[in-house]
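Let me begin by presenting the structure, written as structure tokens, before commenting on it.
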Amino acid sequence: MAKVDRRILKTQEAVKKAVIELMAEKSFDAITIQDISDKANVSRGTIYLHYMDKYDLLDKLIEAHIEQLRTLCESSSELEFIEATEIWSRYFEEHYAFFSLMLTSKGAPYFRTRFLDYLIDEVKKEVNVTEGKNQGFDQGVIIQFVASALVGLVEWWFANNRPVSQKALAEQMGRLLERNL
């Protein structure tokens, strides 16, 4: 894989950070490329070198986080649910600004749908309806129930300014997953 110039990475990070900061101030629809350019202290042309438009920028930002979650999920696939959710909740905590914006009223509705789709794919890997506590249940019902519950729980955590610690969230989320999967 070719090595990416550090200046390019630094510019892309500044642009992504600028979008997140601007979304904390106003709705995504009201943000312009000029706003992003001013906030990131780069030219509009520089932004267009990396992204087609602000929607492409947001899409790439969302996809980067979804891919990171996928990587974390793969790396923790052999762990118990509580240990795995500790890794996830730590990632949510580290990227609080992004997730809180994406999952609250100022966020992009597309993210919630994308996040749910991702969780549905991950939950499918864990559901067994041929034996155990889920025997006889419809697989689609269980998958939708668990994935929607996870999205709702994470939304609640961000919308209510982290009412429980990241550690408590992980432990309780892990226990709930153990009960339902």
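The analysis underlying the following values was restricted to heavy atoms, covering all of them including side chains, and did not include hydrogens, waters or symmetry mates.
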What's the shortest heavy-atom distance between [X] and [Y], and which atoms?
{"X": "Tyr51", "Y": "Val15", "value": "CE1-CG1, 4.0 Å"}
{"X": "Ser89", "Y": "Leu169", "value": "CB-CD2, 4.2 Å"}
{"X": "Leu101", "Y": "Met23", "value": "CD2-O, 3.6 Å"}
{"X": "Ile20", "Y": "Ala97", "value": "CG2-CB, 3.9 Å"}
{"X": "Val127", "Y": "Val129", "value": "CG1-CG1, 3.9 Å"}
{"X": "Lys54", "Y": "Ile33", "value": "N-CD1, 3.7 Å"}

- Query: Under 6.0 Å from the OH atom of Tyr96, do we count more than 12 heavy atoms belonging to anything else shown?
  - Reply: yes
- Message: Could you check whether atom NZ of Lys133 has more than 12 heavy atoms from other residues, nucleotides or ligands sitting under 6.0 Å from it?
- Response: yes
Quick check on the 6.0 Å ring-centre criterion: do [X] and [Y] meet it?
{"X": "Phe111", "Y": "Phe98", "result": "yes"}
{"X": "Tyr91", "Y": "His65", "result": "yes"}
{"X": "Tyr55", "Y": "Tyr110", "result": "no"}

- Task: May I ask you to establish whether Arg175 and Phe81 are in a cation-pi arrangement, using a distance under 6.0 Å from NZ or CZ to the six-membered ring centre and at most 45° from the ring axis?
- Result: no
- Item | Within residues 69-84 or reaching into it, pairs that qualify as side-chain hydrogen bond (donor to acceptor under 3.5 Å, both in side chains) - sequence neighbours excluded | Glu67-Arg70
- How would you list all residue pairs meeting salt bridge (Lys or Arg N to Asp or Glu O under 4.0 Å) that involve residues 144-161, not counting sequence neighbours? Arg112-Glu155
- Task: Flag the pair Lys17 and Glu13 as a salt bridge only when some basic side-chain nitrogen lies within less than 4.0 angstrom of an acidic carboxylate oxygen.
- Result: no
- Message: Less than 4.0 angstrom from a charged side-chain N to a carboxylate O is my criterion; do Lys39 and Asp35 meet it?
- Response: no
- For the residue pair Phe115 and Phe99, categorise the inter-ring angle as parallel (less than 30°), tilted (30 to 60°) or perpendicular (more than 60°). tilted
- Query: Do you reckon Leu153 sits in the same ILVMFWY cluster as Ile66, going by side-chain contacts under 4.5 Å, direct or chained?
  - Reply: yes
- Task: Dump the intermediate steps for side-chain contact (heavy atoms from CB on, under 4.5 Å) on Leu22 and Phe28, then the final yes or no.
- Result: CA-CA 8 Å; Leu22 287 165; Phe28 182 73; over 6 Å; no
